[in-house]
Peer 1: 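Submitted below is the structure of interest, expressed as structure tokens.
All values below come from the heavy atoms of this structure, side chains included, with hydrogens, waters and symmetry mates left out. Residues take their numbers from the sequence shown, with the count starting at 1.
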Amino acid sequence: MQAGGDNTADEPREKCGVVGVSLADREAARPLYYALYALQHRGQESAGIVTHDGFQQHSHVERGLVGDAFDEGDLESLSGGTGIGHVRYPTAGSLDKSCAQPFSVSFKSGSLGLSHNGNLVNADEVRAELAEAGHAFTSDGDTEVIAHDLARNLLEEDLVRAVKHTMNRIHGSYSLAITHDDTVLGVRDPLGNRPLCLGKIDGGYVLASESAAIDTLDGELIRDVRPGELVVLDPDGSGYDTYQLVERESSAHCFFEHVYFARPDSVIDESLVYEVRRKLGRKLWEESGVESDVVMPVPDSGRAFASGYADAAGETTADGDPRPEGEGGIEFAEGLMKNRYVGRTFIMPTQDERERAVRLKLNPIRSTVEGKSVTIIDDSIVRGTTSTQLVELVREAGAEEVHLRIGAPAIVAPCYFGIDMATREELIAADASTEEIREEVGADSLSYLSIDAVADALGESRADLCLGCVTGEYPFDVEGEEADRDIEGTAPGATAADD
């Protein structure tokens with residue numbers, strides 16, 4: 001469970017967002033600030049920026065949204081042309097300012113700032129080793145573990161060797177934006193579980209969790225950072241160097257980035273998220289299409305799925321035959337309106353009020369659904385609470401039939417790598433069949449997308465995806481869980497980790 005916030009929400013929580021910039025002849029703080037706005041969907045608990053002016057490091061980290069965490073004076077105090085930023089949802093580690101990022105530390109060889117998206121599986125082991133060597137920790141998150149290990153290595157090695165040494169010591173998922181004095185680095189874990197990309201902007205270069213942040217800075221996406229790669233930006237913004245420090249035969253890209261987390265206008269691992277979701281919607285129709293009057297998305301992440309589903313329904317029948325000429329298929333309609341002013345932390349002390357939560361967020365358009373058979377498209381079902389309430393809402397608005405289609409496989413297991421996705425006990429699909437879930441949520445029919453359809457839409461093999469939450473088998477060595485591949489170079493055991 002996530003620490004703090006609205007822990008009754010029936011949806012996965014995003015991990016974190018990281019960004020780093022290196023610029024010539026202008027301050028980094030404002031571009032970092034704008035980039036964090038572009039990544040706000042990846043974290044809404046805290047925001048922070050660390051910059052370096054060539055002489056000293058400057059830091060500002062606060063709880064809350066980006067717009068609340070910084071004012072004009074804060075940005076003016078963050079001098080220097082290089083820096084990193086971070087937005088955070090807590091997945092483990094205390095929800096307080098000591099776990100907010102970027103994490104900063106000064107030591108004999110200079111200063112470090114670290115922004116981390118992901119989770120380590122051996123943080124406790126590395127922490128104990130470092131504590132035995134005399135390192136003092138100020139937080140219970142694993143970002144500080146990475147920072148201390150890297151600082152120790154930098155006392156004895158050059159930058160590239162120190163990073164490689166740390167990458168060989170830590171195990172799990174991570175994308176890192178790092179400052180070492182006025183040098184900005186980007187590092188992606190050897191399996192590429194967390195996204196990270198490189199872009200060119202006016203006067204320099206940028207590293208970010210998603211390409212949408214590069215777009216916001218009027219920049220150009222160069223490419224994804226490769227799994228196991230280190231990217232070093234020149235402090236004067238003139239260029240960058242890359243080093244392939246660790247290589248694996250396969251990757252473990254998080255498929256849920258495309259299904260739910262990433263902005264639809266982002267390109268991740270060479271795929272535009274919006275187009276992937278439309279492909280997933282088309283495949284949902286091919287696998288389990290149902291003839292109905294209306295198909296409508298659960299806003300906002302279900303929209304691209306529903307669009308692809310409706311397009312495919314206009315071409316073929318639910319049986320897979322070509323749609324007869326003149327037969328229009330299924331109407332795509334916005335039948336659920338979202339209240340965008342409802343935050344994540346409104347108080348719901350009683351069960352009755354918790355059940356009312358979905359009514360605060362979503363309201364059906366009666367004319368769209370009344371007297372009709374309706375197909376609702378959503379990206380996932382976690383606990384089942386929201387799905388049950390949505391079906392009830394649409395029925396109360398007059399729908400004669402309510403079918404539920406999910407643009408991802410059933411979530412049957414928790415995520416250990418940076419996503420707050422509930423425990424097995426809370427996951428409705430962990431011990432219930434699709435038919436049992438259908439009865440629970442009250443739909444006339446329910447179908448999920450197959451794992452093979454996800455892999456096909458992404459253009460990747462199942463072996464190159466992290467599918468732990470939908471198979472119960474993981475690409476990292478997690479204590480008490482099965483692995484979906486031979487685990488190389490990972491320490492035994494797992495620990496709750498920071499983002």
Side-chain angles (χ1 to χ4, degrees), residues 14-22 35 39 42 84-86 101-102 113-122 142-143 145-147 149-150 159-180 183-199 205-214 221-233 240-258 261-262 266-271 273 417-419 458 460 464-466 475-476 488-490 497-499:
E14 185 38 284
K15 298 129 321 206
C16 298
V18 306
V19 62
V21 300
S22 186
L39 298 174
R42 298 187 69 88
I84 59 174
H86 189 269
Q101 296 181 39
L114 199 102
S115 294
H116 175 205
N117 170 208
N119 275 11
L120 302 186
V121 297
N122 68 332
D142 63 349
T143 303
V145 173
I146 301 171
D149 190 76
L150 182 56
L159 182 60
V160 176
R161 288 186 175 86
V163 172
K164 184 173 183 178
H165 193 166
T166 293
M167 289 178 73
N168 287 331
R169 185 67 189 94
I170 61 175
H171 305 299
S173 67
Y174 54 87
S175 281
L176 306 172
I178 305 170
T179 55
H180 177 226
T183 299
V184 174
L185 324 173
V187 183
R188 195 174 183 192
D189 73 68
L191 294 181
N193 188 254
R194 302 269 63 81
L196 190 66
C197 60
L198 171 68
Y205 291 85
V206 58
L207 294 154
S209 292
E210 295 185 34
S211 65
I214 300 172
L221 174 65
I222 296 174
R223 62 174 175 83
D224 296 291
V225 176
R226 300 182 184 97
E229 183 180 27
L230 163 67
V231 177
V232 183
L233 304 185
Y240 61 91
D241 294 309
T242 69
Y243 306 86
Q244 189 65 47
L245 298 184
V246 184
E247 294 194 55
R248 295 283 189 266
E249 291 184 0
S250 61
S251 63
H253 298 150
C254 173
F255 83 93
F256 233 79
E257 287 284 351
H258 289 90
F261 293 123
S266 285
V267 174
I268 292 182
D269 294 319
E270 302 182 0
S271 296
V273 172
F417 313 124
I419 306 170
L458 288 170
E460 300 198 50
D464 285 324
L465 296 173
C466 179
F476 300 99
E488 298 179 9
T490 58
D498 194 22
D499 34 60

Peer 1: Decide yes or no on side chain to side chain contact (heavy atoms under 4.5 Å, CB included) for Phe417 and Cys466, but give the supporting numbers first.
Peer 2: CA-CA 10 Å; Phe417 313 124; Cys466 179; 4.1 Å; yes

Peer 1: Can you tell me how far apart CG (Leu230) and CE (Met167) are? Round to the nearest 0.5 Å.
Peer 2: 7.5 Å

Peer 1: Determine the minimum heavy-atom distance between Ser115 and Gly85, stating which atoms define it.
Peer 2: OG-O, 3.1 Å

Peer 1: Tell me, do Arg194 and Cys16 make a side-chain contact under 4.5 Å, heavy atoms counted?
Peer 2: no

Peer 1: Give, for atom CD of Glu210 and atom CG of Asn117, the distance between the pair rounded to the nearest 0.5 Å.
Peer 2: 9.5 Å

Peer 1: Apply salt bridge (charged side-chain N to carboxylate O under 4.0 Å, His left out) to the pair Arg226 and Glu247, showing each step before the final yes or no.
Peer 2: CA-CA 10 Å; Arg226 300 182 184 97; Glu247 294 194 55; over 6 Å; no

Peer 1: Does any non-hydrogen side-chain atom of Asp224 lie less than 4.5 Å from one of Ser211?
Peer 2: no

Peer 1: After noting the C-alpha distance and the side-chain angles of Ser271 and Glu460, does the key distance pass the side chain to side chain contact (heavy atoms under 4.5 Å, CB included) rule?
Peer 2: CA-CA 11 Å; Ser271 296; Glu460 300 198 50; over 6 Å; no

Peer 1: Can you check side-chain hydrogen bond (donor to acceptor under 3.5 Å, both in side chains) on Thr143 and Gln101, steps first, answer last?
Peer 2: CA-CA 8 Å; Thr143 303; Gln101 296 181 39; 2.9 Å; yes

Peer 1: Rounded to the nearest 0.5 Å, what's the gap from CD on Gln244 to CD on Glu229? Could you check?
Peer 2: 5.5 Å

Peer 1: For Gly20 versus Leu233, what's the shortest heavy-atom pair and its separation?
Peer 2: O-CD1, 4.4 Å

Peer 1: I want to check something: taking the side chain as every heavy atom from C-beta on, are Pro227 and Leu191 in contact at a cut-off of under 4.5 Å?
Peer 2: no

Peer 1: Report yes if the side chains of Leu120 and His171 come closer than 4.5 Å at any heavy-atom pair, otherwise no.
Peer 2: no

Peer 1: If you look at every heavy atom in Pro195 and Arg188, which pair is closest and at what distance?
Peer 2: CA-NH2, 3.8 Å

Peer 1: Provide the closest heavy-atom pair for Ala262 versus Val273 in the form atom of the first, atom of the second, distance.
Peer 2: CB-CG2, 3.8 Å

Peer 1: For a 4.5 angstrom cut-off between non-hydrogen side-chain atoms, does Leu458 reach Leu465?
Peer 2: yes

Peer 1: Please name the residue in the list Ile214, Val206, Ile84 that meets the side chain to side chain contact (heavy atoms under 4.5 Å, CB included) test with Val19.
Peer 2: Val206

Peer 1: Which heavy atom of Asp189 sits nearest to which heavy atom of Gly172, and what is that distance?
Peer 2: CB-O, 3.7 Å

Peer 1: Please give me the minimum heavy-atom distance between Ser175 and Val18, naming the atom from each residue.
Peer 2: O-CG1, 4.2 Å

Peer 1: Nearest 0.5 Å please: distance from the CZ atom of Arg161 over to the CG atom of Leu245.
Peer 2: 11.0 Å

Peer 1: Is there side-chain contact between Asn119 and Tyr174, with heavy atoms separated by less than 4.5 Å?
Peer 2: no

Peer 1: For the pair Leu159 and Leu185, evaluate side chain to side chain contact (heavy atoms under 4.5 Å, CB included) and give the outcome as yes or no after the intermediate values.
Peer 2: CA-CA 10 Å; Leu159 182 60; Leu185 324 173; 3.5 Å; yes

Peer 1: Mind running side chain to side chain contact (heavy atoms under 4.5 Å, CB included) on Val232 and Thr242 for me, showing each step along the way?
Peer 2: CA-CA 6 Å; Val232 183; Thr242 69; over 6 Å; no

Peer 1: Got a donor-acceptor contact below 3.5 angstrom from the Thr179 side chain to the Gly113 backbone?
Peer 2: yes

Peer 1: Do Leu176 and Ile146 have side chains that get closer than 4.5 Å, going by heavy atoms?
Peer 2: yes

Peer 1: I'd like to check Thr166 versus Ile170 (side-chain heavy atoms, cut-off strictly below 4.5 Å). Are they in contact?
Peer 2: yes

Peer 1: Can you tell me how far CG of Leu150 sits from CD1 of Ile178, rounded to the nearest 0.5 angstrom?
Peer 2: 5.5 Å

Peer 1: Tyr240 vs Tyr205 aromatic rings, parallel, tilted or perpendicular, using cut-offs 30° and 60°?
Peer 2: perpendicular

Peer 1: Keeping Asp142 on the side-chain end and Val145 on the backbone end, is there a donor-acceptor pair under 3.5 Å?
Peer 2: no

Peer 1: What distance separates Asn193 CG from His253 NE2, expressed to the nearest 0.5 Å?
Peer 2: 8.5 Å

